[in-house]
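In what follows, a structure is listed as structure tokens, so that the remarks can point back to it.
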2 protein chains.
Amino acid sequence: MSIAKYIPATNSVLRSLSRKDSQRLFARHEQVNLTYGDVLCEPGKQLRYVYFLNSGIISLLAPVDGHASVEVGLVGSEGMAGMALFLGVGVSPVRMLVQGSGTAMRIKAAAFRHEIERNPVLQRALNRYLYGFMAQVAQTAGCNRFHRIGTRLARWLLMTHDRIRSNEFRLTHEFLAHMLGVRRAGITLAANILQKKKLIRYSRGKITILNRQGLERASCGCYRTVNDICEHISVGI
Amino acid sequence: MSIAKYIPATNSVLRSLSRKDSQRLFARHEQVNLTYGDVLCEPGKQLRYVYFLNSGIISLLAPVDGHASVEVGLVGSEGMAGMALFLGVGVSPVRMLVQGSGTAMRIKAAAFRHEIERNPVLQRALNRYLYGFMAQVAQTAGCNRFHRIGTRLARWLLMTHDRIRSNEFRLTHEFLAHMLGVRRAGITLAANILQKKKLIRYSRGKITILNRQGLERASCGCYRTVNDICEHISVGI
DNA sequence: GTCAGTATGTATGCTGTCGCACATACGATG
DNA sequence: CATCGTATGTGCGACAGCATACATACTGAC
């Protein structure tokens, strides 16, 4: 991670603020580059910053006893990472892992706390985002329970595609396996089926979306369910 | 559900407020009885009230395409049902099902919204509760992915036990199966093992906790994980 | 006491995923 | 262009949980 040059804010939460409302926030932020593989915070550790993403993706991973973690949520330019601070708690319950490189506006915990108390518009925007995010986490709980690897993989690729805004991104089967909490071999099998249907193409950690609509059909309904909920409250991705 | 006579507030959120802070809230509430089986709100429907529980349990169920719903969270006297309203959204993403009879203080949506904007202490208390609740939902996502029926059943019984505050409660295998999103026969098998170990006893929908500590040992670590997180922010059950 | 409804116990065969292991293929680096 | 590390493909036995089905047992109503 490094300090970045100025990049215009494409973060949905920040864009929903008026010039006046965002001014103080902008005064206190720092632009940073997020690099694939960065861990912004470990579960149980103090949150030093919140991150408003302009591009890239952060995976939120919950540790589960006797297993590696499993992903419970994705954050892109539609939201903010470090929501615990918004709820007045300084400790992150999840690992924050940069899954797709990009840029973010980083704000120190204290400055963010200070700001949030004085900016009801930002508060409302984050409340709305939190609602959508909770729907995502809750749906994931159900999805993990009922759906097969193939449909879950399709869902996950769609969610990533929405946030990366490119048809191509870097992801190995190994990485995907960690995210979904399954064996690497399970991903290889499922990904191969999607490839044979010409929905995606992949090779050595580079995945290309070939047929977005086909992928939506191959996904479980959880993808659409969460999207519908977010659209309903106008939390666009 | 019916209007109840006066019952002192044993709700943790409300108790955390000073007399002054809770006064307005008390002026606008209504005491209601919650009866096993009541559905307080369906997913996608407008929330007419929020409920601060004094006793009893509400299950939050997320509908999953092609399946019955699965439980993503439990609310007892430690919290509030209808958190969407707290986030400024009038629509519940989950079904709210009374799983254990009890009493609650019900407040109309509009009155609650009005109050929340003027009562920062209540806001902070609900923020803290929300943090713990999110940890619960996230942990459930992981638990659903990795853990076996037996350990999940034990976890679920413990969470219920904490909130019912009685060693005996009414629950059929059928009901438990719906909550965990598994077959009824799967519960019978798992429950039988717990019964043979003398951790619980049951008969025709009445379950008795015989050995709480043994049950904790039989549960997956998710139970403790969530408890530790909640304790850390002093959201006691 | 009989009956009906509901709760619990049990069986069989099937499928998805697991753990483990090894084979193959690609690409960067020298 | 040879080599090595990494990414992907594949095979096999094990098993949890599934669908389905049916048997048994308890309880309350008549």
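Computed from a predicted structure; not experimentally measured. Residue numbering restarts at 1 for every chain, and letters A, B, ... go by the order of the sequence lines.
- Taking side-chain N and O atoms only, A:Asn192 has no distance below 4.0 Å to OP1 or OP2 of D:dT8.
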Run B:Leu74 and B:Leu60 through side chain to side chain contact (heavy atoms under 4.5 Å, CB included) and show every step you take.
CA-CA 6 Å; B:Leu74 274 182; B:Leu60 303 184; over 6 Å; no
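- Side-chain contact check for A:Glu78 and A:Ser12: no donor-acceptor pair (N or O, by modelled atom type) lies under 3.5 Å.
- Distance NZ (B:Lys206) to P (C:dA7): 14 Å, rounded to an integer number of Å.
- Inter-residue side-chain proximity for B:His147 and B:Cys222 is flagged as met; some heavy-atom pair is nearer than 4.5 Å.
- Residues B:Leu199 and B:Asn211 meet the side-chain proximity criterion, which asks for heavy atoms closer than 4.5 Å.
- When the side-chain contact (heavy atoms from CB on, under 4.5 Å) test is applied to B:Ser92, the partners found at least two apart in sequence or on another chain are B:Cys41, B:Leu47, B:Val94, B:Met96.
- For the residue pair A:Thr188/A:Arg184, the side-chain donor-acceptor check at 3.5 Å is satisfied.
- Counting to the nearest Å, the P atom of D:dA16 and the CD1 atom of B:Ile187 are 16 Å from each other.
- Looking at A:Arg106 and A:His29, their side chains never bring a donor and an acceptor atom within 3.5 Å of each other.
- In this model, the phosphate group of C:dG9 is approached by a side-chain N or O of B:Tyr202 to a distance below 4.0 Å at OP1 or OP2.
- Between the side chain of A:Asn11 and the backbone N or O of A:Asn54 there is no donor-acceptor pair closer than 3.5 Å.
- Atom P of nucleotide C:dT15 and atom CG of A:Leu189 are separated by 16 Å, given to the nearest angstrom.
- The nearest whole Å value for the distance from the CD atom in B:Gln195 to the P atom in C:dT8 is 10 Å.
- For the pair A:Ile200 CD1 and D:dT8 P, the computed distance is 10 Å after rounding to whole Å.
- Atom OG of A:Ser101 is separated from atom CG of A:Asp38 by 7.5 Å, given to the nearest 0.5 angstrom.
- When only modelled atom types and interatomic distance are considered, A:Asn167 and A:Arg212 share no side-chain donor-acceptor pair under 3.5 Å.
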When you check every protein heavy atom under 4.0 Å of nucleotides 25-30 of chain D, what one-letter string (B, S, -) results, 5' to 3'?
BBS---
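- End-to-end axis angle for the helix from C:dG1-D:dC30 to C:dG30-D:dC1, using five pairs per end and rounding to 10°, comes out at 20°.
- The side-chain heavy atoms of A:Leu153 and A:Thr151, taken from C-beta on, include no pair separated by under 4.5 Å.
- Listed by residue number, B:Thr172, B:His173 are the residues of residues 167-179 of chain B with a heavy-atom contact under 4.0 Å to DNA chain C.
- Of the residues in residues 143-152 of chain B, those placing a heavy atom less than 4.0 Å from an atom of DNA chain D are B:Arg148, B:Ile149, in numerical order.
- Of the N and O atoms on the side chains of B:Asp162 and B:Tyr223, at least one donor lies less than 3.5 Å from an acceptor on the other residue.
- Ring-centre distance between A:Tyr36 and A:Phe175: below the 6.0 Å cut-off.
- Counting only heavy atoms from C-beta outward, the side chains of A:Tyr51 and A:Tyr49 approach each other to under 4.5 Å.
- Among the protein residues, A:Gly205 comes within range of the sugar-phosphate backbone only, with heavy atoms under 4.0 Å from sugar or phosphate atoms but none that close to a base.
- D:dC18 atom P lies 10 Å from atom CG of B:Leu180, rounded to whole Å.
- A side-chain donor-acceptor contact under 3.5 Å links B:Arg95 and B:Ser69.
- With a 4.5 Å cut-off on side-chain heavy atoms, B:Ile209 and B:Phe169 count as touching.
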Going 5' to 3' along nucleotides 19-24 of chain C, which nucleotides have protein heavy atoms under 4.0 Å from the base (write B), which only from the sugar-phosphate (write S), and which from neither (write -)?
BB----
